[in-house]
Amino acid sequence: MNMALLLARTATWLGDRPAVSVGQEIRLDYRMLARRSAALAGALSGRFGLRPGDRVGILMGNRAEYTEVLFAIWHAGLVAVPINAKLHAREVAWILEDAQARICIISPDHAEEIVPLADELDALEQVIIGAGAAYERLLAGDPVALNDHVGPDDLAWLFYTSGTTGRPKGAMLSHRNLMLATMNYFADVDPVAPTDTIIHAAPLSHGSGFCGLSHLAKGANQVVPESGGFDAAETLALIGRWPGSSLFFAPTMVHRLINSPAIGDSDLRNLKTIVYGGGPMYVEDILAAIAVLGPRFAQIYGQGEAPMTITGLPKWLHADVAHPRYRERLASVGIARTDVEVRVCDEEDRTLPAGETGEVMVRGSVVMQGYWRNEAASAAALRGGWLHTGDVGCFDAEGFLTLKDRAKDLIISGGSNIYPREIEEVLLRHPAVSEASVVGRPHPDWGEEVVAFVVAAPGRTVGPAELDALCLDHIARFKRPKAYRLVEKLPKNNYGKVLKTDLRRMLAEDGGTG
Ligand code: AMP
């Protein structure tokens, strides 16, 4: 089934419901959204001559036009290549070239840098600015019929990985993969009703976009903040405005929301669920968030390669405070999602029993088909029919998976494995610590030594001695950081993930002292 049918169907029976809103205002109902999308599909296949299977880049921050563009691409049987809007123009060019995109649809703010790429890149024929009079003229054309030749295994979305360890790779997601991701939200996170809302404060090219599919399927309102991104006060005002509000947040956004001065005056009755994931959520942070907002949280653990769907910690478990292992459960990424098999394996891909740590692997219909034009990487990642996530974790006897760290973030000091997450969890117990990130630094005798970057809570200071004492109280001596760096903020990417590579680079540039 073509994913675009979701929009066509919602428009037939919920045509009058709000579909797209910007800030406090409704912009489009479902009938209008579907019409615009089908007209743009007509322009893509008619005027621009794209053929089913051709790739179309989308480079837009969160804007009203995003959804109609995405669905127009599918409507015409094309493949969407959503690109993180914060990437450098050179990185965008690399992705467009790798995907052999024939067209890229951008927001006006990218025009200066991206329009010239049409002359530079072999495959790229046209850059369309997805706003303004010329764009509206494209949408004034006749809607075309949905391409219903699209089968479940046809490509729908090339999801480019963030590529922190090399060139980004395009995870090939089929219509079946996206349908599974859509359905799994209903199975494991929440049911959705037409009276609900999803507020897209996180990038639509990533988790928020996937959650958006489930909301569109059920006729809920998709709200894009006027700022196009995450601003705590603005997000709180939007929750006050829109009923049944759900949001997808990176863990760092949860932290910023609950620490916002605006939270005290906010009306949070509309808040249905904050779905968080994409990076580690620390126990102290989720406990603080539950104390402020109540147990309106669901965690998901996934990857672009298995969109949003490996394990999850449902809402009710966030409320299960009486459970003797409540803290451990909150520190975990939850249990396997309904439709996937998850296991933890050793280096020879042998399944390990509960309690042992190894690489997390997943198998199921939501898992990507492979990496675009990269057979070697596909064969390695999908060895033996299982997706090798590159994440290191451990199941407990009840099936809760706890992630340690990505293999590349593991610190090996004096031959012992040290998982930064464990030390970060301890540092965050200190009331004057707002954020912490731990990395390894080369050491002539030990191989690596532990260095902690710490952000103090507003108006507080914190010194190495007290942090050291805290670590000594909770973890083995050899895991203690050998140096503490007090910083104003941690480097993060557009999806809110801490860039440990940048922290390691900072240490290298400092000549390793401090
Ligand atoms: P991406 O493909 O950009 O979504 O990144 C996926 C990676 O983010 C995973 O392989 C994990 O390393 C990390 N990740 C995703 N969800 C979680 C989570 N709930 N807790 C900890 N790490 C996560």
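Order of listing sets the numbers, starting from 1, for every ligand and every atom in it. These figures come from a predicted structure and were not determined experimentally.
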Among all the protein's non-hydrogen atoms, which is closest to [atom], and how far away is it?
{"atom": "atom 16 (N) of ligand 1", "result": "Gly278 N, 2.9 Å"}
{"atom": "atom 2 (O) of ligand 1", "result": "Gly304 N, 2.8 Å"}
{"atom": "atom 18 (C) of ligand 1", "result": "Gly279 O, 3.4 Å"}
{"atom": "atom 4 (O) of ligand 1", "result": "His206 NE2, 3.0 Å"}

State if [X] counts as touching ligand 1 under the rule of any non-hydrogen atom under 4.0 Å.
{"X": "Lys497", "value": "yes"}
{"X": "Thr161", "value": "no"}
{"X": "Thr311", "value": "no"}

Tell me whether the centres of the aromatic rings in His215 and Tyr185 are closer together than 6.0 Å.
yes
Please confirm whether His206 and Phe159 have ring centers closer than 6.0 angstrom.
yes
What atoms of ligand 1 come within less than 4.0 Å of a heavy atom belonging to Pro280?
20 (N), 21 (C), 22 (N)
Could you list the atoms of ligand 1 found under 4.0 angstrom from a heavy atom of Gln299?
18 (C), 19 (N), 20 (N)
How would you list all residue pairs meeting side-chain hydrogen bond (donor to acceptor under 3.5 Å, both in side chains) that involve residues 368-381, not counting sequence neighbours?
Glu305-Tyr371
Using the ring of each side chain (for Trp, its six-membered ring), is Tyr276 parallel, tilted or perpendicular to Phe297, with breaks at 30° and 60°?
perpendicular
Mind checking whether Phe230 and Phe249 have parallel, tilted or perpendicular rings, split at 30° and 60°?
perpendicular
For the 3.5 Å polar cut-off, considering only N or O atoms, please tell me whether Ile300 and ligand 1 meet it.
yes
Under the rule for ring pair (Phe, Tyr, Trp, His ring centres under 6.0 Å), what residues qualify as partners of Tyr66, not counting sequence neighbours?
none
